[in-house]
Amino acid sequence: MPAKCRRSRTKFTEEQLKILIDAFNQKPYPGYAAKKRLALQVNTEESRIQIWFQNRRARHQFPKRPEEHLDARQGRGPPAGQTPGRGDRRSRTSYTNSQLQTLIEEFKVNPYPGIDSREKLAKEIGVPESRVQVWFQNRRSRQNTQKEREPGEAVDQGQNQGQDLRDGTVQGTATT
DNA sequence: CTGCTAACCTAATCATGGG
DNA sequence: CCCATGATTAGGTTAGCAG
C-alpha cells in the first residue's frame, strides 16, 4: 500500500500504563488541562491520551465515580445530560476563512483522510492534526444529518463501510 | 486462532460565540 | 435569544500484536 491510513499503533510501556491507569482510577473524565499534563508525563501526544481514556471508559466498567465529591446540588441539580467531566474543555478553535476553504476543498475529494493526509493538511493550515480529525468527523456527521434537507439529487452513498482505502497522496500543489 | 486494545467511526449532545 | 459549529461522549468496528 502507498501509505498507511491509520496512525501506527501506539505501544505504551508499563510505566506509561501505570501512570495512565492510576490517573484513570482517580479521574475517568480528565479535563483538557489534565490530559495535557498526562501527555507530558508519559511523553506522548495529548490526542493519544484522549483516545486511551475513551477506550478505557468504553471497555472497563470503571467505578461509577463521577467525582470524588460532586453531590448533586439539589437546588436544581439537573444530572440529566451534562458533561461528567469538568468544564475544562479545549477552547473552541476558530478557523479563518482560508483555513475553512482548504478543509472544505480537501473534504470534497476525500472525506476520509488517512493519517498522512491529515497531518499534511494540519501543517498546511497550521492547526493540530487532532483538530483536523475532529473537523472531518463533524463535517461527515453533519452532512449525513442534513442530507435529508435537499431532495435534489446527489446523495450518492457508496456503501463504503470500513474499507476506506483512500489515501491522500494528493499532490495538490497545482495552485499557488 | 484468540484476546486485548489502539485507532477510528457515527450519532448525539454539550458548549461557545457571533448575528 | 438562537443558530452554526467545535469539543466530547458512548458505543461499535477495524486492525496490530502477543500468547
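Below, chain A is the first sequence line, B the second, and so on; all start at residue 1.
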Under 3.5 Å, side-chain donor or acceptor atoms of residues 35-44 of chain A against the rest of the protein: list the pairs with distances, not counting sequence neighbours.
none

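- Each of A/Asn55 and A/Gln50 has a nearest nucleotide on DNA chain C; the 5'-most of these lies closest to A/Gln50.
- Sorted by first and then second residue, the salt bridge (charged side-chain N to carboxylate O under 4.0 Å, His left out) pairs involving residues 46-61 of chain A (not counting sequence neighbours) are A/Glu46-A/Arg90.
- Per the geometry, CZ belonging to A/Arg142 stands 15 Å off C1' belonging to B/dT13, to the nearest Å.
- Between A/Phe136 atom CZ and A/Leu121 atom CG the span is 5.5 Å, to the nearest 0.5 Å.
- Between A/Tyr29 and A/Phe62, the ring planes lie perpendicular to each other; the angle is over 60°, past the 30° to 60° tilted range.
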Could you go through the salt bridge (Lys or Arg N to Asp or Glu O under 4.0 Å) check for A/Glu15 and A/Lys18 one step at a time?
CA-CA 5 Å; A/Glu15 210 173 334; A/Lys18 192 169 189 286; over 6 Å; no

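- Protein atom CD1 of A/Ile51 is 12 Å distant from nucleotide atom C1' of C/dT9, rounded to whole Å.
- Within residues 41-49 of chain A, no residue approaches DNA chain C, by heavy-atom distance under 4.0 Å.
- Considering only side-chain N and O atoms, A/Gln133 lies under 4.0 angstrom from the phosphate OP1 or OP2 of B/dC9.
- A distance of 10.0 Å separates OH in A/Tyr112 from CG in A/Asn110, rounded to the nearest 0.5 Å.
- Comparing A/Phe12 and A/Ser91 by the nucleotide of DNA chain B whose heavy atom lies nearest to each, the residue mapping closer to the 5' end is A/Phe12.
- Computed from C1' positions of five pairs at each end, the angle between the two local axes of the helix from B/dC1-C/dG19 to B/dG19-C/dC1 equals 20°, rounded to 10 degrees.
- Of all heavy-atom pairs spanning A/Ala122 and A/Pro128, the tightest one is CB-C, 4.0 Å.
- Nucleotide C/dT14 holds its P atom 12 Å from the OH atom of A/Tyr112, rounded to whole Å.
- Across residues 92-102 of chain A, A/Arg92, A/Thr93, A/Tyr95 each have a non-hydrogen atom less than 4.0 Å from an atom of DNA chain C (numbered order).
- Contacts classified as salt bridge (charged side-chain N to carboxylate O under 4.0 Å, His left out) and involving residues 123-136 of chain A (residues at least two apart or in different chains) are given here: A/Arg7-A/Glu129, A/Arg118-A/Glu129.
- For the pair A/Arg57 and C/dA10, the criterion of a side-chain N or O lying under 4.0 Å from OP1 or OP2 is met.
- Here the nucleotide nearest the side chain of A/Arg59, chosen from C/dG16, B/dA7, C/dG6, is B/dA7.
- Contact annotation for A/Arg140: backbone-only contact, meaning every heavy-atom pair under 4.0 Å involves sugar-phosphate atoms and none involves a base.
- No donor-acceptor contact under 3.5 Å links the side chain of A/Thr10 to the base of B/dA6.
- A donor-acceptor contact under 3.5 Å links the side chain of A/Arg89 to the base of B/dC14.
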